[in-house]
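Below is one structure, written out as structure tokens, with a few remarks after it.
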Amino acid sequence: MWALLPLKEFAAAKQRLSPVLSQRERAALAQAMAEDVLAELRDHPAIENILLVSNEPSGRQLARQFGAEFLSESGLHARGLNQAVKAGVQVLAERGVDNVMVVHGDLPLISAAEIDELVRAHFGNGFGKKADDSEGSGMSEKALTLVSDTAGEGTNCLICNTAIEMQYSFGPNSLAAHLDAAARIGLDARVVPLPGFGCDIDAPTDLLTLLKRLEGSKAKHSLSVVAQFALAERLLTVGSSTYRADFLLSQAG
Ligand SMILES: Nc1nc2c(ncn2[C@@H]2O[C@H](COP(=O)(O)OP(=O)(O)OP(=O)(O)O)[C@@H](O)[C@H]2O)c(=O)[nH]1
Ligand SMILES: O=C(O)[C@H](O)COP(=O)(O)O
């Protein structure tokens with residue numbers, strides 16, 4: 001199985017963190033999180049190779065650093081996340097790659113154990129087996145395996161056969177959209193709950209969760225950016241008042 005990592009240009013990434021991070025900090029964090037994801041994918045035996053699809057100017061060099069392949073999003077005539085994913089998957093299909101794991105770059109807490117679990121869910125236990133595959137040997141032609149964000153709304157990771165005519169709808173409420181798309185074309189869809197994969201860093205509250213969970217994790221690139229910009233010292237103060245405001249609002253409602 002290949003992994004496909006779509007990446008927005010770092011300079012434009014993580015806009016929703018602008019209330020708490022400067023542009024330089026957002027770019028550095030976006031890059032560091034992507035590096036942590038790339039490192040986990042590179043080290044996992046189930047992942048044959050990684051394809052990075054991006055317009056990020058340093059993308060080719062980043063890919064090289066992690067033994068990954070790079071394709072320029074504009075070179076593929078793609079624009080935006082869904083077109084980039086679609087174009088990347090098509091390239092893999094044309095090369096005869098069977099299965100692809102589309103993984104987002106803002107998931108610094110993914111782990112080898114979670115990748116194991118996800119791959120097992122995709123291939124294992126007869127899930128997605130061919131109709132004539134009574135042995136359940138793990139054929140995955142009709143399987144769609146998804147991991148949502150913790151809110152159960154977005155799609156942080158998706159595994160499918162590259163030959164499937166999947167309509168990618170990454171963006172708000174993409175989990176429901178992907179389940180609908182799967183139902184329309186008769187895929188056997190499964191959502192796997194995984195705390196690391198579920199933790200995408202979008203909003204300031206996600207950053208607080210990350211700060212609490214980073215220590216002891218393997219996300220050394222993210223840890224280094226957190227230290228470089230003293231994010232824990234700065235944000236945990238903002239965080240406590242954010243939590244207080246949320247608590248008061250919930251009490252008032
Ligand atoms: N190739 C490509 N990847 C994208 C694009 N937009 C988002 N991504 C990637 O898709 C994944 C999920 O993106 P988001 O969580 O929306 O991240 P983001 O766009 O940096 O965040 P915001 O600016 O706050 O919306 C990350 O790996 C992003 O780098 C895009 O236009 N092209
Ligand atoms: O489908 C998704 O979840 C998006 O690609 C990413 O969602 P986000 O913008 O909530 O991270």
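One-based numbering, in listed order, for ligands and for the atoms of each. Basis for what follows: all heavy atoms, side chains included, without hydrogens, waters or symmetry-related copies.
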Shortest non-hydrogen contact from L107 to V37?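 Scanning both residues completely, I find the closest heavy atoms to be O-CG2, 3.4 Å.
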Could you tell me which atoms of ligand 1, counted from 1 in the order shown, lie closer than 4.0 angstrom to a heavy atom of [X]?
X: H104; answer: 11 (C), 12 (C), 27 (O)
X: A13; answer: 20 (O)
X: R16; answer: 14 (P), 15 (O), 16 (O), 21 (O), 22 (P), 24 (O), 25 (O)
X: D106; answer: 15 (O)
X: D202; answer: 15 (O)
X: Q15; answer: 22 (P), 23 (O), 24 (O)

Looking only at N/O atoms, are [X] and ligand 1 under 3.5 Å apart anywhere?
X: A84; value: no
X: K14; value: yes
X: P6; value: yes
X: S54; value: no

Option set G80, A27, G88, G105, criterion heavy-atom distance to atom 27 (O) of ligand 1, minimum: G105
P195 vs E114 side-chain heavy atoms within contact, under 4.5 Å: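 They are in contact (side-chain heavy atoms under 4.5 Å apart), so the answer is yes.
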Find out whether M101 and H122 are in side-chain contact, i.e. whether some heavy atom of one side chain is under 4.5 Å from a heavy atom of the other. no
Under the side chain to side chain contact (heavy atoms under 4.5 Å, CB included) test against I201, which residue among L109, L207, T209 passes?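 Single side chain to side chain contact (heavy atoms under 4.5 Å, CB included) partner of I201 among L109, L207, T209: L207.
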Under 4.0 angstrom from ligand 1, any heavy atom of L7?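 It does, in that a heavy atom of L7 comes within the 4.0 Å cut-off of ligand 1.
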Without hydrogens or angle criteria, can the side chains of H104 and N156 be said to hold a donor-acceptor pair below 3.5 Å?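 No, no side-chain donor-acceptor contact under 3.5 Å.
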Testing the 3.5 Å rule here: is there a donor-acceptor pair between the side chains of Q31 and E35? yes
Please round to the nearest 0.5 Å and tell me the distance separating atom SG of C157 and atom CG of L4. 10.5 Å
For L210 and D206, run side-chain contact (heavy atoms from CB on, under 4.5 Å): C-alpha distance rounded to whole Å, both residues' side-chain angles, the deciding distance at 0.1 Å, then the answer. CA-CA 6 Å; L210 178 67; D206 301 325; over 6 Å; no
